Amino acid sequence: MDDLKYGVRDKRGDWKPNGRIEGAPLWNWPPRLPKILAWLPGYLWPWNAFHMATALLYWFYIVPSVETMKMISWGWALWLYAVNAAAILVFYGIFELRYYIKRAQATRFKYNHKFPGDAPSDVFWFQSQNIDNFLRSFFITIPLWTVVEVIFLWCFANGYVPWVGWSDHPVYLAALVLVAPAIHEVHFFFIHRLIHWGPLYRWIHSVHHNSINPSPWSSLSMHPVEGFLYHAVALWHLVIPSNPIVALFQLHIAGFGAVNGHLGFDKLEVTEDTAVESHAYAHYLHHKYFEVNYGGDGLIPLDRLFGTWHDGTREGDAMMDARFQKKRERVNAKAAANQ
Ligand SMILES: [Zn+2]
Ligand SMILES: [Zn+2]
């Protein structure tokens, strides 16, 4: 595909999409039904449908019996870890192999023209972004994802929380499934905003931000505190009446869905003239500029509300620069007052 029909490439070779990142049209006033209906298929397909499919596969083929889950044991916890790790190895591995190792798409639709594998850096273990990100994902974050999973399955199995049945409340549960990506967005926004606070950033979140030019393995490359808080989004289903399948869906939006923001490409070419939208640009800008786009791609407009939204345009740049300028002035004024 010709990516210059969809965006522009600068002198360095970095590509950026034309137009602005459009948030979900749910928040436009007055509401426009045709726009919402046009947006809905992209909301469900392919990513959220994939997360639901994996949740169902897990529930029917991977998750042990309720009887087994009444007692926490290493056996089924390690089994879940092994499956989670294998699933991420395959799922993220497909993107890594096709777009970063084989470079099937070269730099078409790629925001940053460089590939992390070509740029050794001292901030990473073994000076390699790939090895560092990979080890942190498999030996820190995926174990913590599994801890969250074991906690909620054990609570459901023991009846510590309500277990809403599909045959009793199908409409309620279907609505909860539709809202789950929004729960993710709100949870992620607030924990993410929190760990951008100076001391917490240096202690926790700087690990994730070492990857300024993210690639698939960067998605789950986190400090343990972040790895747990991020996946703990599924624990909301112990607070709101829910069902373990919906909780698994919520967990998979986090675990599997983390790759979206870190793909590095705007579109993933499938055939000569078809491509899948990655939804990666908003979070790519977060990795590039740090203090913009704390949420996802604008499903819930929290960044707009808090003035931290960057829509990928020049106006977005100008708003961000004005905000950074104000912040510098505040810091300088404070420093002067302390002298
Ligand atoms: Zn990220
Ligand atoms: Zn961040």
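The analysis underlying the following values was restricted to heavy atoms, covering all of them including side chains, and did not include hydrogens, waters or symmetry mates. Each residue takes its place number in the sequence, starting with 1. We count ligands from 1, going down the list as the structure has it; atoms in each ligand are counted the same way. In this text, all values refer to a predicted model and were calculated from it rather than measured experimentally.
- With hydrogens and angles ignored, the 3.5 Å screen pairs no side-chain donor or acceptor of His196 with any backbone N or O of His192.
- Within the coordination shell of the Zn ion (ligand 1), defined by N, O or S atoms under 2.8 Å, His209 is absent.
- Side-chain atoms of Ser218 and His262 form no donor-acceptor pair, as typed in the model, at a separation below 3.5 Å.
- Between Glu96 and Pro216 the shortest heavy-atom distance is OE1-CD, 3.6 Å.
- Nearest heavy-atom pair across Ser278 and Phe265 is OG-O, 2.6 Å.
- Backbone or side-chain N, O or S atoms of His287 do not reach the Zn ion (ligand 2) at under 2.8 Å.
- Residue His205 approaches the Zn ion (ligand 2) most closely through its N/O/S atom NE2.
- Vertex the Zn ion (ligand 2), arms ending at NE2 of His192 and NE2 of His286: the angle is 90° after rounding to 10 degrees.
- Under a 4.0 Å N-O distance rule, the pair Arg323/Glu291 does not qualify as a salt bridge.
- Expressed to the nearest 10°, the angle at the Zn ion (ligand 1) joining NE2 in His262 with NE2 in His283 is 100°.
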